[in-house]
Amino acid sequence: MSEELLINISPMESRVAVLDNGILGEIYIERHHKLGLVGNIYLGTVVRVLPGMQAAFVDIGQSRTAFLHVNDMQREPRPAAKSSKIEKADDECTIIEAAADDLAVTPPVVSTQNTEVMPVSKTLIQHRLHESQRILVQVTKDQLGSKGARLTTNISLPSRYLVYLPSSEHIGISQRIDGEEERSRLKTELTSLMQTVNLKGGLIARTAAERVPVDKLEEDIYYLLQLWRTICARRQETKPNQSSELIYQELSLPLRSIRDLVHAGTEKVIIDNVQIYEQVRYFAKEFVPFVYDRIVHYTAEQSLFDVHRVEDDLRDALKRRVDLKSGGYLIIDQTEAMTTIDVNTGSFVGGRSLEDTVYKTNLEATHAIARQLRLRNLGGIIILDFIDMLEQQHKDDILESLQSQLVQDYAKTKITQVSELGLVEMTRKRTRESLGQQLCEPCSTCQGRGFVKTAETVCFEIFREIMRCARTYNSPKKFTVVAHAAVIDLLLTSESDTVADLEYLLGRVITFDVENLYTQEQYDIVLD
């Protein structure tokens, strides 16, 4: 599979598109006036401790206080297991690696000695934190909707091949690296390098570290060590009277994309801005030299994203309906609690039998679902409503196909079996806003419901409001209805008899004015 990175820079934003065989697979957007916080390290101030939730709110200088749970705080190190075998990373390492390989996420790890917390032997948050306490924290999730950013005191620093854990003694290997021989080599070399450099802490070998020579790993370790020393120095230089201060800021989106997304299968990195092109080449020469000659400066007049149909794919990614080549389609609905994806046969009539038609549609849908999850960055609980299948073998095939398609997904996913109703429950790690949340806002007309009241419904509301006003106020001689054109038109045509009956009943005149700035649900009753 060939892969290309397109980096589009404008005065307003930076965008990185990942193309798989010429098809948009992922999109990352960073607005210049609203930079992401994930990976940033702050010296914050605890503003409130909630023992009932075992959590605290921390001021890091943003519009909303950030959230810190006791489970995201420093823990006592576990005793090392006595085993000569190199086992795959445990669940904690899996989470770390999944986050580290995500472009916008710096993974949670173990805290530093400079974090001002109470002794780790006390597990209750009220024993570890108090109001007005200054604490070193790292952002793991950006602000999502009305929720503040998510924090951890488990600081981590990613590089090209490694993730440095300043206060951990753990050495882990990415689960994506197969082969015991390679895993054993990385474990041995990292252990030896840490002793040579006298590096205190732990390391996680990222997926990109597979078959990387020891000298490159050593360069990464020296880079991370120097970075950590710089952070510690800045921490000591902070002003005591400041409630919050940024200690370390993550790389910009173009540089993060080179660090986190580029791999041996990346054929080209195309950039349409000469200044960013030079920055990326300098960064790649230092940290990712194998991709240096693959970086291309795009100079044509036509937009880079238009040439590769990225803009069209982005517009389609905001629609509810996703058409399949066979004639079937998906309906994707995103809510606060979960996302539902419904599979439909549409115009696809298949061939031999109904079961065969359903099976082929569901099989094609697994490919589209996996792509849409990555492209739209859908996270949390996801319910997949496949078309009902009778044969168990078909259900197993659908599940296997879905799992194989999700192998390329950087985010951690978990899938259940296909139920009797054709439902599959799954979760996908949510670390940043979805594409729809980034690019859209609730409709001002429907307030995010997705529908508006009919003109007829609004007419009946107006009638009830006029009768309410007539009972409340005795003085008005005339009622003037100010509403949307569609509502006024209905009142003067099909509802004209009701208006006449109401005028006779109340003994008052009712007139109408059109207000073009009103939505269909808006209206006013003016008393004259």
- Task: In sequence, state the C-alpha distance, the side-chain angles, and the governing distance for Lys414 and Arg428, and then conclude on side chain to side chain contact (heavy atoms under 4.5 Å, CB included).
- Result: CA-CA 7 Å; Lys414 183 178 180 181; Arg428 185 173 184 271; over 6 Å; no
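- Proximity of Asp72 to Thr140: side-chain heavy atoms (C-beta onward) are nowhere separated by under 4.5 Å.
- The environment of CD in Glu336 is sparse: at most 12 heavy-atom neighbours from other residues, nucleotides or ligands sit within 6.0 Å.
- Nearest heavy atom pair, residue Arg430 against residue Gly379, reads NH1-O, 3.7 Å.
- Annotation for Glu400: atom CD does not count as buried by contact number, only 12 or fewer foreign heavy atoms lying within 6.0 Å.
- Between Arg160 and Val262, the closest heavy-atom pair is NH2-O, 2.5 Å.
- Side-chain contact between Arg31 and Gln438: absent, with no pair of heavy atoms (C-beta onward) separated by less than 4.5 Å.
- Side chain of Asp220 to main chain of Tyr161: a donor-acceptor pair is present (N/O by atom type, distance under 3.5 Å, no hydrogens or angles).
- Between Ser326 and Glu364, the side chains place a donor N or O and an acceptor N or O closer than 3.5 Å (distance only, hydrogens not considered).
- Checked against Leu162 for a side chain to side chain contact (heavy atoms under 4.5 Å, CB included), the options Leu186, Leu193, Leu190 give a single hit: Leu190.
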Under the criterion side chain to side chain contact (heavy atoms under 4.5 Å, CB included), I'd like the reasoning laid out for Val322 against Arg376: C-alpha separation, chi angles, the key distance, then a yes or no.
CA-CA 12 Å; Val322 178; Arg376 301 177 186 230; 3.2 Å; yes
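- With respect to Ile247, the side chain to side chain contact (heavy atoms under 4.5 Å, CB included) criterion is satisfied by exactly one of Ile41, Thr230, Asn40: Ile41.
- For the pair Asn377 and Leu435, the tightest heavy-atom approach, listed with the atom from each and the gap, is CB-N, 4.5 Å.
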Q: Start with the C-alpha gap between Asp388 and Val358, add the side-chain angles, then the distance that decides, and say whether side chain to side chain contact (heavy atoms under 4.5 Å, CB included) holds.
A: CA-CA 7 Å; Asp388 294 348; Val358 168; over 6 Å; no
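- Between Glu425 and Gln417, the side chains place no donor N or O within less than 3.5 Å of an acceptor N or O (distance only, hydrogens not considered).
- In Tyr282, the OH atom is not crowded: 12 or fewer heavy atoms of neighbouring residues, nucleotides or ligands sit closer than 6.0 Å.
- For the pair Gln405/Arg371, no side-chain contact is recorded, criterion being any heavy-atom separation below 4.5 Å from C-beta on.
- Residues Leu151 and Thr153 form no side-chain contact, since every pair of their non-hydrogen atoms from C-beta on lies 4.5 Å or further apart.
- A donor atom on one side chain and an acceptor atom on the other are not found under 3.5 Å apart for Tyr28 and Glu30.
- The closest side-chain donor-acceptor pair between Tyr359 and Asp397 falls under 3.5 angstrom.
- When side chains are defined from C-beta on, Leu199 counts as touching Tyr164, because their heavy atoms get closer than 4.5 Å.
- Considering all non-hydrogen atoms of both residues, Ile60 and Val137 come closest at CG2-CG2, 4.0 Å.
- Ile383 is not listed as a side-chain neighbour of Thr339, based on a closest heavy-atom distance of 4.5 Å or more.
- Here the side chain of Arg294 pairs a donor or acceptor atom with the backbone of Thr266 at under 3.5 angstrom.
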Go through it in stages, so that I can follow the logic: the residues are Asp260 and Arg256, the test is salt bridge (charged side-chain N to carboxylate O under 4.0 Å, His left out), and I'd like the CA-CA distance, side-chain angles, deciding distance and then a yes or no. CA-CA 6 Å; Asp260 296 336; Arg256 288 204 311 275; 5.4 Å; no
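- No more than 12 heavy-atom neighbours from other residues, nucleotides or ligands sit within 6.0 angstrom of CD1 on Ile381.
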With side chain to side chain contact (heavy atoms under 4.5 Å, CB included) as the test, would you mind laying out the steps for His297 and Val274 before giving the verdict? CA-CA 7 Å; His297 181 211; Val274 63; 3.7 Å; yes
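- Contact check for Ile9 versus Asp272: side-chain heavy atoms found under the 4.5 Å cut-off.
- Considering only heavy atoms from C-beta on, Leu157 comes within 4.5 Å of Ile231 through its side chain.
- With respect to Val269, the side chain to side chain contact (heavy atoms under 4.5 Å, CB included) criterion is satisfied by exactly one of Leu6, Val16, Val296, Ile258: Ile258.
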